[in-house]
Amino acid sequence: MSLLNHPRRIWLDVAVGSILSSILIIGSLYIYQLNNDARELQLNNALAMRGQTLSTEQGCVACHTMDGSLGIGPSWQGMFGRTETLLSGKTIVVDENYFRESVKDPSRKVVQGFPNVMLPYFLEEDEIVALVEFAKQLAVPVIE
Ligand code: HEC
């Protein structure tokens, strides 16, 4: 009897199946939590609030945290005005132009220490403006 239709293989299928479903469930819960964290921030204007909504709708929060903790990409807390070292060894200050370029063409300037995994986004101008406003508000540490 070959290994493929061996009766014991079904247990292997069940085991692998349960592991994969748990990863899926835990992953979804994690992203749900990140979305919630982003929603709970205090913002003082409508544009920034729109940016906050976009950051969850567009899935930015799957890789970028808003509270300074480590994510797949750099946290947005304190990002605006921060000096980043790029893979090329050059440094750049995060401003509106760099933010815009990072959204449209993320691989052009990759931050050192992070994987080049962000895909380009094709957002409307008003959406980028809202995201920039949101990110700007996160430059100031949140006082609890
Ligand atoms: C799949 C994960 C992922 C998603 C989703 C993602 N990013 Fe990123 N982003 C990264 C990583 C990783 C980096 C750092 C590497 C690089 O520069 O490309 C990065 C870098 C950036 C930077 C430059 C940050 C810095 O500190 O220099 C900006 C701005 C940015 N992302 C904005 C966005 C926006 C806006 C969205 C949603 C519309 C988004 N990202 C969605 C992974 C992601």
Side-chain angles (χ1 to χ4, degrees), residues 3-4 6 8-144:
L3 185 67
L4 271 180
H6 193 277
R8 225 184 276 153
R9 226 192 86 90
I10 193 161
W11 293 111
L12 187 65
D13 289 347
V14 169
V16 171
S18 354
I19 291 171
L20 288 180
S21 347
S22 336
I23 290 175
L24 199 71
I25 292 166
I26 294 170
S28 317
L29 286 175
Y30 180 61
I31 288 177
Y32 178 78
Q33 184 55 45
L34 288 174
N35 278 330
N36 257 354
D37 289 352
R39 267 188 222 113
E40 276 165 13
L41 293 165
Q42 303 273 310
L43 298 171
N44 60 22
N45 74 55
L47 191 60
M49 276 152 96
R50 167 128 202 268
Q52 179 181 42
T53 307
L54 283 166
S55 74
T56 61
E57 278 176 7
Q58 297 289 333
C60 315
V61 295
C63 298
H64 295 281
T65 73
M66 307 295 144
D67 63 358
S69 61
L70 195 66
I72 296 170
S75 178
W76 285 7
Q77 190 182 93
M79 173 180 70
F80 241 87
R82 181 162 66 199
T83 305
E84 296 285 24
T85 305
L86 303 174
L87 259 191
S88 61
K90 288 185 184 154
T91 57
I92 192 159
V93 175
V94 181
D95 61 6
E96 186 157 349
N97 285 336
Y98 172 65
F99 188 98
R100 200 175 282 272
E101 187 190 292
S102 294
V103 172
K104 290 188 173 159
D105 190 2
S107 323
R108 197 139 136 211
K109 297 196 178 86
V110 176
V111 185
Q112 214 170 69
F114 289 94
N116 182 9
V117 291
M118 183 174 155
L119 297 173
Y121 280 84
F122 303 95
L123 300 175
E124 301 293 336
E125 172 62 21
D126 62 310
E127 294 176 318
I128 296 191
V129 169
L131 282 165
V132 163
E133 181 59 29
F134 175 46
K136 271 187 188 163
Q137 295 224 351
L138 297 173
V140 191
V142 185
I143 300 148
E144 312 226 346

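Read the numbers this way: they start at 1 and go in the same order the structure lists the ligands and their atoms. This one's a predicted model, so the numbers in the text were calculated from it and none came from an experiment.
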Are any of the N/O atoms on Tyr98, whether in the backbone or the side chain, positioned under 3.5 angstrom from an N/O atom of ligand 1?
yes
Give the contacting part of Val103 toward ligand 1: side chain, backbone, both or neither, where contact means a heavy-atom distance below 4.0 Å.
side chain
N, O or S of Ser102 under 2.8 Å from atom 8 (Fe) of ligand 1
no
Does the N or O separation between His64 and ligand 1 drop below 3.5 Å for any pair?
yes
For atom 11 (C) of ligand 1, what's the nearest protein heavy-atom neighbour? Residue, atom name and distance, please.
Gly73 CA, 3.6 Å
Salt-bridge criterion met for Arg50 and Glu57 (N-O under 4.0 Å)
no
What protein heavy atom sits nearest atom 37 (C) of ligand 1, and how far off is it?
Cys60 SG, 1.9 Å
Minimum-distance protein heavy atom relative to atom 17 (O) of ligand 1
Val111 N, 3.0 Å
Nearest non-hydrogen protein atom to atom 2 (C) of ligand 1, with distance, is Cys63 SG, 1.9 Å
Flag Gly59 as yes when one of its N or O atoms lies below 3.5 Å from any N or O atom of ligand 1, and as no otherwise.
no
Specify whether Trp76 and His64 have parallel, tilted or perpendicular ring planes, treating 30° as the upper limit for parallel and 60° as the lower limit for perpendicular.
tilted
Check whether any N or O atom of Tyr121, backbone or side chain, sits under 3.5 Å from an N or O atom of ligand 1, and answer yes or no.
no
What part of Trp76, side chain, backbone, both or neither, has a heavy atom within less than 4.0 angstrom of ligand 1?
side chain
How close does the nearest protein non-hydrogen atom get to atom 39 (C) of ligand 1, and which residue and atom is it?
Met118 CE, 3.4 Å
Judged by atom type as modelled, is there a donor-acceptor pair below 3.5 Å linking the side chain of Ser75 to the main-chain atoms of Thr65?
yes
Tell me which protein heavy atom sits closest to atom 25 (C) of ligand 1, plus the residue, atom name and distance to 0.1 Å.
Glu84 OE2, 3.3 Å
Examine ligand 1 and decide if any of its atoms is less than 4.0 Å from a heavy atom belonging to Ala62.
no
Is ligand 1 under 4.0 Å from a heavy atom in the side chain of Lys109, in the backbone, in both, or in neither?
backbone
Could you go through Gln77 and Arg82, starting from their C-alpha distance and side-chain angles, then the distance that decides it, and tell me whether this counts as side-chain contact (heavy atoms from CB on, under 4.5 Å)?
CA-CA 10 Å; Gln77 190 182 93; Arg82 181 162 66 199; over 6 Å; no
Leu70 atom CG, over 12 foreign heavy atoms within 6.0 Å:
no
Working to the nearest 0.5 Å, report the span between CG of Leu54 and CD of Glu133.
13.0 Å
